[in-house]
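Letters go in sequence order (proteins before strands), and every chain restarts at 1.
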Amino acid sequence: MGNMSKVITVNINGEPRQLSANTTVAALIDEMGLTGKRIALERNGEIVPRSTFVTQRLSAGDKLEIVVAVGGG
Amino acid sequence: MNDQLVIAGKSYSSRLLVGTGKYKDFTETRAALDASGAEIVTVAIRRTNLGQNANEPNLLDSVPMSKFTYLPNTAGCYTADDAVRTLRLARELLDGHSLVKLEVLGDPQSLYPNVIETIAAAKTLVAEGFQVMVYTSDDPIVAKQLEDIGCVAIMPLASLIGSGMGILNPWNLQLVMERVKVPVIVDAGVGTASDAAIAMELGCDGVLMNTAIAGAKDPVLMASAMKKGVEAGREAFLAGRMPKKLYSASPSSPTAGIISSTRS
């Protein structure tokens, strides 16, 4: 279990958030209640394709942007 | 009349493009969109609200992508880099959708476009396969450069975003239209239906607006007025207006057969 109990800090939409190490993007999305929602995710300036959510694991210091479509002109 | 607006090879019946911001709620948004007849609607890309209630109403439910062509924008971006990142996110969000509205702003007071950053972003986006409809100033030289880069529509302002000041420089819009072959769509500045009609009478290919509808006392009724204004202006442009002249030497009624005067 050693590695699993370690906690890392990532930044999501400008706010710090603690996660257990090795959390996948899919697990994070689930934890945030966003599973099934139409979202897009950028990690350290790079798009994370939805198809890779289950395989990408987050690292300490990652900067994530999670966006949705809203009304705008 | 088969008079279609063609953008990046796709035909649209409506020449009115409408934003989805500033409405009271999504029900009003949808009612206004329906009244406007718009097929292309702009949307913004924003951070998801982390504390959001999962059952909160969602724009996509009221304005389904199956019924409307989404045009994600880069509103609020002040650098080419932020605009490019925003639209990459939009493409991922909207399942590979590549038709986008690029706008890179110069300052928060005027929301006037920063054309240097706009040109830089346009180059990157076109190279990445985006179909870029670009908000810009009414500078004809910049408009031509943006077309040469590969933008699919040039969208000059008629006056400042959200100002409702109308078509302040019709001469520049004409200079833009003379130089550019892709559709020219007035984006920003329209305040009421006659402004939309004037833009279309000048020969613009379309009009994009948000605040003029959402900011009206009755947005749904104004959406209907804008639909008619755009259609009336387009038909007047196609019909070709009569020349203006100071005096008319040509009365509308026959000059022969007038009854004789009793005063001889």
Side-chain angles (χ1 to χ4, degrees), chain A residues 4-73, chain B residues 17-23 25-26 28-29 41-56 58-63 65 70-76 81 84-86 88-97 101 103 135 161-162 187-188 208-215:
Chain A
M4 293 302 284
S5 58
K6 206 178 137 200
V7 169
I8 58 168
T9 303
V10 300
N11 187 293
I12 304 174
N13 290 356
E15 289 176 19
R17 188 181 178 108
Q18 308 233 297
L19 304 171
S20 48
N22 283 322
T23 299
T24 62
V25 173
L28 171 68
I29 296 296
D30 190 47
E31 196 180 306
M32 294 175 69
L34 294 172
T35 302
K37 301 276 172 200
R38 187 179 281 271
I39 57 162
L41 194 144
E42 182 195 71
R43 178 187 185 187
N44 302 326
E46 302 289 332
I47 296 293
V48 180
R50 238 172 286 166
S51 56
T52 69
F53 280 5
V54 287
T55 51
Q56 286 216 28
R57 290 179 190 281
L58 297 167
S59 308
D62 275 351
K63 280 185 72 175
L64 305 178
E65 295 284 352
I66 307 177
V67 301
V68 293
V70 301
Chain B
L17 293 73
V18 170
T20 56
K22 298 185 182 175
Y23 290 95
D25 53 36
F26 290 137
E28 187 185 73
T29 308
V41 299
T42 63
V43 299
I45 305 299
R46 288 292 178 271
R47 285 172 162 175
T48 183
N49 181 356
L50 299 179
Q52 205 170 25
N53 172 0
N55 298 318
E56 212 163 272
N58 179 320
L59 178 70
L60 287 131
D61 297 332
S62 305
V63 184
M65 286 174 67
Y70 269 35
L71 187 64
N73 70 25
T74 60
D81 187 49
V84 168
R85 283 174 55 214
T86 299
R88 286 177 185 149
L89 280 163
R91 181 156 65 177
E92 176 64 19
L93 183 72
L94 303 175
D95 305 325
H97 177 85
K101 172 180 165 179
E103 59 179 296
Y135 170 65
I161 291 176
D187 182 2
L208 196 165
M209 64 181 73
N210 191 152
T211 313
I213 294 174

Name the member of [options] that forms the most heavy-atom pairs with chain A at distances under 4.5 Å.
{"options": "B:Asp81, B:Thr42, B:Leu93", "answer": "B:Leu93"}
{"options": "B:Gly162, B:Gly21, B:Ala75", "answer": "B:Gly21"}
{"options": "B:Arg88, B:Lys22, B:Arg85", "answer": "B:Arg85"}

Query raised in the report: Looking just at side-chain N and O atoms, do A:Gln18 and A:Thr9 make a donor-acceptor pair shorter than 3.5 Å?
Result: yes

Report summary line: The interface call for B:Leu60 against chain A, heavy-atom contacts under 4.5 Å, is side chain

Query raised in the report: Does B:Asp95 have any salt bridge (Lys or Arg N to Asp or Glu O under 4.0 Å) partners at least two apart in sequence or in another chain, and if so, which?
Result: A:Arg38, A:Arg50

**Report entry** Set of salt bridge (Lys or Arg N to Asp or Glu O under 4.0 Å) partners for A:Glu31, sequence neighbours left out
**Finding:** A:Arg17

Query raised in the report: Is there a donor-acceptor pair closer than 3.5 Å between any side-chain N or O of A:Ser59 and the backbone N or O of A:Asp62?
Result: no

